[in-house]
Amino acid sequence: MNELDDFDISILKILQKNNLIPQRDIGDSIGLSAAAVQRRIKRMRETEVIKADVSVIDTEKFRHSVTLIVEVFLERDKIHLIDEAQALFSSAPEVQQCYYVTGESDFVLIIVVPSMKEYETLTRRIFYSNENIKHFRTLVTMNTVKSGLDVPLDLLL
């Protein structure tokens with residue numbers, strides 16, 4: 001994809017806040033026609049600058065919800081074993097985010113489960129049954145101070 005221009009960045013900023021805003025309203029606010037906005041959004045979806053259009057759900061609205069941050073330490077750093085771990089974590093619906101990281105740990109996972117009992121079941125399924133996982137460290141969140149998916153576009157340009 002060609003470089004993103006100022007119009008693309010403006011569109012992305014708006015869509016990050018609310019992707020249900022009508023394209024004519026976006027166009028009016030940035031000085032483009034609705035058709036031009038539509039073409040740009042279509043192009044950004046096709047090139048996967050926009051990866052998904054989703055609704056962000058507040059897990060604190062659910063009575064039974066526990067958010068955990070888990071550091072995973074692998075036994076061996078062979079590329080096929082790293083790929084297997086990525087596939088395993090990606091396939092678990094409880095894993096909301098997965099980061100392959102540098103430092104002491106190999107992965108950091110954000111996990112949402114209904115209860116600690118469910119987390120125990122998950123640990124047996126994806127951690128204890130995997131011979132390449134040396135150990136894992138779990139942090140239980142007490143309060144979500146900030147949670148979002150907005151990319152700070154002004155800081156990245």
Side-chain angles (χ1 to χ4, degrees), residues 4 7-30 32 34 37-74 82-130 132-157:
L4 298 174
F7 286 121
D8 294 327
I9 298 301
S10 296
I11 291 168
L12 290 171
K13 286 179 183 178
I14 292 168
L15 291 178
Q16 283 191 121
K17 300 294 180 202
N18 179 357
N19 71 349
L20 297 177
I21 294 177
Q23 293 171 356
R24 78 178 170 306
D25 293 349
I26 295 172
D28 289 345
S29 71
I30 65 171
L32 285 178
V37 170
Q38 180 182 27
R39 282 192 301 274
R40 287 170 177 270
I41 291 172
K42 181 177 187 275
R43 177 178 42 86
M44 289 189 283
R45 284 183 177 133
E46 288 172 350
T47 58
E48 295 187 342
V49 169
I50 298 173
K51 292 178 77 168
D53 291 292
V54 299
S55 294
V56 179
I57 297 171
D58 184 354
T59 57
E60 292 186 2
K61 301 291 187 211
F62 294 85
R63 218 175 337 155
H64 304 290
S65 172
V66 180
T67 301
L68 307 136
I69 302 164
V70 181
E71 289 182 283
V72 180
F73 302 80
L74 298 181
I82 292 168
D83 291 344
E84 285 176 12
Q86 289 177 4
L88 175 64
F89 300 147
S90 294
S91 70
E94 300 89 346
V95 176
Q96 300 302 298
Q97 297 174 47
C98 173
Y99 300 96
Y100 179 46
V101 298
T102 62
E104 289 182 41
S105 59
D106 296 292
F107 290 93
V108 174
L109 310 177
I110 308 298
I111 295 176
V112 177
V113 290
S115 67
M116 289 305 289
K117 180 69 176 159
E118 291 293 324
Y119 180 56
E120 178 190 8
T121 302
L122 177 69
T123 62
R124 290 172 183 268
R125 190 175 83 233
I126 67 173
F127 300 138
Y128 290 120
S129 66
N130 187 327
N132 194 40
I133 294 180
K134 183 187 307 183
H135 68 279
F136 61 96
R137 181 178 14 222
T138 303
L139 302 165
V140 179
T141 63
M142 295 177 14
N143 182 23
T144 302
V145 177
K146 179 180 179 181
S147 175
L149 298 174
D150 290 5
V151 176
L153 296 171
D154 290 332
L155 300 176
L156 298 179
L157 300 174

Legend entry - side-chain hydrogen bond (donor to acceptor under 3.5 Å, both in side chains) against Lys134, all qualifying residues, sequence neighbours excluded: none
Inset, instruction - Quick one: closest heavy-atom pair of Ser115 and Val66, and the distance? - result: CA-CG2, 4.0 Å
Legend entry - Straight-line distance of Thr123 OG1 to Leu68 CG, nearest 0.5 Å: 10.0 Å
Inset, instruction - Report yes if the side chains of Phe127 and Leu109 come closer than 4.5 Å at any heavy-atom pair, otherwise no. - result: yes
Legend entry - Contact summary for Glu48 and Lys51, nearest pair of heavy atoms: O-CG, 3.6 Å
Legend entry - Rounded distance (nearest 0.5 Å) linking atom CG of Asp25 with atom CD1 of Ile30: 11.5 Å
Inset, instruction - Take atom CZ of Arg125 as the centre, draw a 6.0 Å sphere, and report whether it contains more than 12 heavy atoms from other residues, nucleotides or ligands. - result: yes
Inset, instruction - Please indicate whether Tyr128 has more than 12 foreign heavy atoms, meaning atoms of other residues, nucleotides or ligands, lying under 6.0 Å from its OH. - result: no
Legend entry - Student check: side-chain heavy atoms of Leu15 and Met44 closer than 4.5 Å: no
Legend entry - Side chain Asn19, main chain Asp53, donor-acceptor under 3.5 Å: no
Inset, instruction - Mind listing the closest non-hydrogen atom pair of Ser29 and Ile26 along with its distance? - result: OG-O, 2.9 Å
Legend entry - Side chain to side chain, His64 and Phe62, heavy atoms closer than 4.5 Å: no
Inset, instruction - Could you list the residues that satisfy side-chain hydrogen bond (donor to acceptor under 3.5 Å, both in side chains) with Arg39, not counting sequence neighbours? - result: none
Legend entry - Atom pair CD1/NZ of Ile50 and Lys42 - distance to nearest 0.5 Å: 12.5 Å
Legend entry - Full working for side-chain contact (heavy atoms from CB on, under 4.5 Å) between Leu12 and Leu4: CA-CA 10 Å; Leu12 290 171; Leu4 298 174; 4.0 Å; yes
Inset, instruction - Could you tell me the separation between the CD1 atom of Ile111 and the CG atom of Leu139, rounded to the nearest 0.5 Å? - result: 11.0 Å
Legend entry - Heavy-atom side-chain contact between Val70 and Phe107 under 4.5 Å: no
Inset, instruction - State plainly whether the residues Glu120 and Lys117 are in salt-bridge range, i.e. N to O under 4.0 Å. - result: yes
Inset, instruction - State the CD-CG distance between Gln16 and Leu153, to the nearest 0.5 angstrom. - result: 5.0 Å
Inset, instruction - Measure the CD-CD1 distance between Gln23 and Ile14 for me, rounded to the nearest 0.5 Å. - result: 11.5 Å
Could you pull out all donor-acceptor pairs under 3.5 Å where a side-chain atom in residues 96-104 meets a protein atom, sequence neighbours excluded?
| unit_1 | atom_1 | unit_2 | atom_2 | d |
| --- | --- | --- | --- | --- |
| Gln96 | NE2 | Pro93 | O | 3.1 |
| Gln97 | OE1 | Tyr99 | OH | 2.3 |

Legend entry - Listed partners of Asn130 passing side chain to side chain contact (heavy atoms under 4.5 Å, CB included), at least two apart: Leu88, Asn132, Ile133
Inset, instruction - Using ring pair (Phe, Tyr, Trp, His ring centres under 6.0 Å) as the criterion, list what pairs up with Tyr119, not counting sequence neighbours. - result: none
Residues 141-151, side-chain donor-acceptor partners within the protein, below 3.5 Å, at least two apart:
| unit_1 | atom_1 | unit_2 | atom_2 | d |
| --- | --- | --- | --- | --- |
| Thr141 | OG1 | Thr67 | O | 2.8 |
| Thr144 | OG1 | Glu60 | OE2 | 3.1 |
| Asp150 | OD2 | Lys17 | NZ | 2.6 |

